[in-house]
Amino acid sequence: MVQSATFAHSNAEGMADVFEGRAPGHVYTRNSNPTTVALESRLAELEGGVGCIATSSGMAALSTVMLGLLRPGDEMLSATGIFGGTVSLFQDILGPFGVRTRLLDAADNDTIRAAVSPATRVIFVETIGNPRMDVPDLSALADIAHASRAVLVVDSTLTTPALVQPGQWGADIVVHSTTKFINGHGTALGGAIIDTGRMEWANGPFDAIARFAEQQGPQGLLAYLRHYAYRDLGGCPAPWNSHQILQGLETLTLRMRVHSDNALRLAEMLSERKDVPWVNYPGLAGTPFHARVNTQFGGLAGGVLTFGLGDQRRAFAFLNALTNARLAANIGETHTLVIHPASTIFHEYAPDERLSMGVTDDMVRVSVGLEPIGEILDDVAQALAASLG
Ligand SMILES: *Cc1c(COP(=O)(O)O)cnc(C)c1O
């Protein structure tokens, strides 16, 4: 673990060589750091990508990618019902800089196909929408994007490389909030950008990246991002956080299996109850996205589910009656975490905006943990009973 801000060099010529990219080495942790490079190598390998840049958070990964790719006048087609911070980045930060984002039902290929215009540069989806829980058809979206020289960027936070390598389905760039399942223990924030190597940059609309790709071949995009957006926005991780996230990676496959198994059991229990009006978990048999879970994610749907309790009053009563699950804004930890999205993550949106993002006032989101499943089910059952009282 190299907890260092800067790196000393033995002579001036060698230092100039590192700065100018003629020799490998580190100069300053905002550009690169050995511990973070170790994390980047592991993530690139797990994703089957050509390389990775680790960032200080999932939002830093998204802002670095989007500010690197997009210019005033460009357009992005984005899934709706995705992470609230991402929507705000697109609308409130990129919007005033002249980048237009359209929030659409990206699980419907025809909707996206019909929305593509000559200004479309990016199609953005989450592998499983958080919290809409919809599952887009990645290879169809990759075809639509590539037919118009646009880039398919996929946020795989809810699935992780344990469930899917989006690059195998045609995605060009994969982003993660490693804060969630990849770290897995709620001990550090982090993010990652993986280049799957699918995108053909030459002779397209991405001039600056094409110039880097000409010189650096498959490392072109990441070299471009590292040289500008990553370095200049300052979204580098603390080395200690990279170390924590590397440790989390050791058990990722094991944990994702148990998270997915436990979430499916909880979803089944909730869907059988008459006092639970609706349950949304794409791993549940007979639900609209179950087939895509089977083909794209090998049958596992991860640890996050949502369900409704009729109104906000009962949702709050349920949350307050839980004894094991913790009320917290994170997902992907060992412990089961619950939240009422409408009054927290999405509180700044008007009720009709929330509805269009799939966030109802009665919605509870559960990040199902690794506790013995009986404990999780008992806790939820007693809180459901208490919420009726
Ligand atoms: C949490 C989350 C993010 C943002 O990640 P941070 O590490 O909190 O910055 C982005 N996308 C998804 C799907 C998330 O769940």
Side-chain angles (χ1 to χ4, degrees), residues 36 39 43 52-67 76 78-94 101 103 106-107 122 124-136 138 153-164 166 171 173-194 230 233-238 240-242 244-245 248-249 252 256 259 263 280 282 297 301-306 328-333 337-339 341 344-346 357-359 363 365-368:
T36 298
L39 171 63
L43 286 169
C52 169
I53 293 176
T55 59
S56 55
S57 67
M59 289 316 303
L62 283 156
S63 54
T64 299
V65 166
M66 295 312 177
L67 286 161
M76 168 157 52
S78 168
T80 188
I82 57 171
F83 183 69
T86 305
V87 177
S88 180
L89 168 69
F90 294 171
Q91 293 185 330
D92 305 325
I93 306 288
L94 298 178
T101 301
L103 297 176
V122 172
F124 174 81
V125 295
E126 295 176 351
T127 47
I128 300 176
N130 173 18
R132 200 168 183 238
M133 294 287 118
D134 52 347
V135 178
L138 297 179
V153 181
V154 174
D155 181 334
S156 186
T157 298
L158 267 67
T159 39
T160 82
L163 267 51
V164 62
I173 299 174
V174 180
V175 293
H176 288 286
S177 166
T178 56
T179 314
K180 315 291 171 58
F181 292 94
I182 290 180
N183 172 296
H185 302 74
T187 59
L189 273 82
I193 304 161
I194 293 102
Y230 179 69
L233 292 169
C236 65
W240 173 248
N241 287 4
S242 295
Q244 294 276 293
I245 292 160
L249 270 181
L252 179 66
M256 286 309 286
H259 280 299
N280 203 350
F297 311 150
V304 180
L305 62 83
T306 59
N330 205 6
I331 56 172
E333 296 192 17
L337 306 178
V338 290
I339 197 165
T344 56
I345 305 165
F346 291 89
M357 298 179 198
V359 179
M363 175 194 279
R365 185 186 75 188
V366 188
S367 172
V368 184

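First listed ligand is number 1; within each ligand, the first listed atom is number 1. Numbering of residues begins at 1 and proceeds along the displayed sequence. Only a predicted model underlies this, so the values are computations on that prediction, with no experimental measurement involved.
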Nearest heavy-atom approach of Ala301 to Ile128 is O-CD1, 3.3 Å
So, applying side-chain contact (heavy atoms from CB on, under 4.5 Å) with Phe124, which one of Ile173, Ile82, Leu103, Val154 is it?
Ile82
Distance filter under 4.0 Å to Gly190 heavy atoms, resulting ligand 1 atoms:
7 (O)
Taking only heavy atoms of Asn130 into account, list the atoms of ligand 1 that are under 4.0 Å away from them.
15 (O)
Please check if the side chain of Thr157 supplies one atom and the backbone of His176 the other of a donor-acceptor pair under 3.5 Å.
no
Starting from atom 6 (P) of ligand 1, which protein heavy atom do you reach first, and at what distance in Å?
Gly58 N, 3.3 Å
Does Val304 reach the side chain of Lys180, with side-chain heavy atoms less than 4.5 Å apart?
no
Nearest non-hydrogen protein atom, atom 14 (C) of ligand 1:
Lys180 NZ, 2.9 Å
Could you list the atoms of ligand 1 found under 4.0 angstrom from a heavy atom of Ser57?
7 (O), 9 (O)
For Val175, the option from Thr86, Thr55, Ile194, Leu62 that meets side-chain contact (heavy atoms from CB on, under 4.5 Å)
Leu62
Ala61 heavy atom under 4.0 Å from ligand 1:
no
Non-hydrogen atoms of Met256 and Thr159 that approach each other most closely
CE-O, 3.4 Å
Got the closest protein heavy atom to atom 12 (C) of ligand 1, with its distance?
Asp155 OD2, 3.4 Å
Consider every N or O of Thr86 and every N or O of ligand 1, then say whether any pair is closer than 3.5 Å.
no
Closest protein heavy atom to atom 4 (C) of ligand 1, given as residue, atom name and distance to 0.1 Å:
Phe83 CE2, 3.4 Å
Closest heavy-atom pair, Arg132 versus Asn280, reported as atoms and distance to 0.1 Å, is O-ND2, 3.2 Å
So for ligand 1, is Met59 a polar contact partner (N or O within less than 3.5 Å, distance only)?
yes
